[in-house]
Amino acid sequence: MPESGHYVEQILFELGFQGGFIIRIHIIGGSGSGKTYMASQLSKKFNIPHMDLDDIFWENSTDQYGVKASVSVRDNKLKNFVMQPSWVIEGVYLKWVIPSFELADKIFILKTPIQTQEERIWSRYHKRKMGILPSTKKETIESLKDLLEWNKKYNQEFLPDFVENTQFADKIIHLNGNDDIFNFMD
């Protein structure tokens, strides 16, 4: 059975999170769940590289929104990244990221309430449109609505199905939010 968030401090200690050890973490959760924030903080704290999977899944150099990157380029970028001794990877993706799941020491699943995720998605969209938050994404209100609908399905169907059927159940730690991992870091 996957461990709950209150064991996170003990697990991170056992993995050598006090520094100088190999650490490989994959963080998954819905859009707006806090994956990028958590990965960024872990990357800074432990001086390990961080990859946002959106950066290799989407083609950000195009003028259009929602254009996927080449599968071979994406897969090669992931393969090269996971060959490093330590890393933290985050994203919503569940199928094509098997190489990182296989190499990860732990897979953190952020179970942030959907209402909180939706508030964050709207806030991020607004900040990008106002130029407050830099972004290469070319979102529209329609793409935002599609994302919100997809995110509900991800949280209610895709993620629970992954948890129920994954071969990586022994690596999974469920977190209700960033506080579950950050409480001990202060």
Side-chain angles (χ1 to χ4, degrees), residues 2-9 11-12 25-46 50-60 62-69 87-97 100-101 104 106-164 166 172-186:
E3 297 139 343
S4 66
H6 69 280
Y7 294 111
V8 172
E9 182 176 356
I11 290 163
L12 294 177
I25 296 173
H26 192 119
I27 304 169
I28 57 178
S31 295
S33 63
K35 299 176 306 295
T36 302
Y37 175 76
M38 180 184 281
S40 174
Q41 294 300 306
L42 290 171
S43 175
K44 289 176 192 169
K45 174 131 180 104
F46 301 110
H50 159 223
M51 174 180 275
D52 179 339
L53 292 170
D54 278 347
D55 292 341
I56 64 171
F57 185 81
W58 299 107
E59 180 56 64
N60 291 319
T62 182
D63 288 337
Q64 293 181 315
Y65 180 78
V67 176
K68 294 179 183 177
W87 42 260
V88 59
I89 292 175
E90 56 89 4
V92 297
Y93 309 100
L94 303 171
K95 294 181 181 174
W96 60 271
V97 294
S100 62
F101 288 154
K106 291 294 174 185
I107 301 168
F108 293 146
I109 298 181
L110 284 177
K111 307 278 287 207
T112 309
I114 292 177
Q115 180 180 352
T116 302
Q117 291 179 40
E118 290 176 347
E119 290 168 1
R120 290 175 178 171
I121 291 167
W122 276 105
S123 174
R124 186 170 52 204
Y125 173 80
H126 176 72
K127 288 177 182 176
R128 286 177 179 157
K129 288 299 180 187
M130 298 296 292
I132 298 168
L133 185 63
S135 177
T136 58
K137 300 181 191 288
K138 295 141 187 91
E139 299 160 298
T140 65
I141 195 70
E142 285 304 315
S143 66
L144 178 67
K145 289 177 183 177
D146 291 344
L147 174 60
L148 291 165
E149 184 177 315
W150 178 87
N151 195 52
K152 277 186 185 176
K153 192 169 187 172
Y154 178 88
N155 281 280
Q156 295 170 349
E157 296 177 30
F158 304 150
L159 192 54
D161 183 63
F162 170 79
V163 170
E164 186 175 319
T166 186
I172 291 177
I173 300 172
H174 292 272
L175 304 172
N176 293 321
N178 293 339
D179 290 344
D180 281 353
I181 195 168
F182 293 125
N183 283 337
F184 81 95
M185 292 176 64
D186 293 333

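Contacts of Phe101 classified as ring-ring contact (aromatic ring centres under 6.0 Å, His included), with partners at least two apart in sequence or in another chain: His26, Phe162, Phe168. Shown here are the side chain to side chain contact (heavy atoms under 4.5 Å, CB included) partners of Leu147, two or more places apart in sequence or in another chain: Ser31, Ile121, Trp150. Lys152 pairs by the salt bridge (Lys or Arg N to Asp or Glu O under 4.0 Å) definition with Glu118, not counting sequence neighbours. When the side chain to side chain donor-acceptor pair (under 3.5 Å) test is applied to Glu149, no partner is found at least two apart in sequence or on another chain. In this view, Glu142 and Thr140, Lys145 satisfy the side chain to side chain contact (heavy atoms under 4.5 Å, CB included) rule, not counting sequence neighbours. The side chain to side chain contact (heavy atoms under 4.5 Å, CB included) check on Thr112 picks up Ser33, Leu110, Thr116, Gln117, Arg120, with sequence neighbours excluded. Among residues two or more places apart in sequence or in another chain, the side chain to side chain donor-acceptor pair (under 3.5 Å) test is passed with Gln156 by none. By the ring-ring contact (aromatic ring centres under 6.0 Å, His included) test, Trp96 is found to be paired with Phe57, Tyr93, residues two or more places apart in sequence or in another chain being considered. With sequence neighbours excluded, the residues satisfying side chain to side chain contact (heavy atoms under 4.5 Å, CB included) with Asp52 are Thr36, His50, Asp54, Asp55, Glu90.
Closest non-hydrogen pair, Ser43 versus Val88, comes out as CB-CG1, 4.2 Å. The two residues Tyr154 and Ile28 come nearest to each other via the heavy atoms OH-CB, 4.1 Å.
Under the 4.5 Å side-chain criterion, counting only non-hydrogen atoms from C-beta, Leu53 is in contact with Val97.
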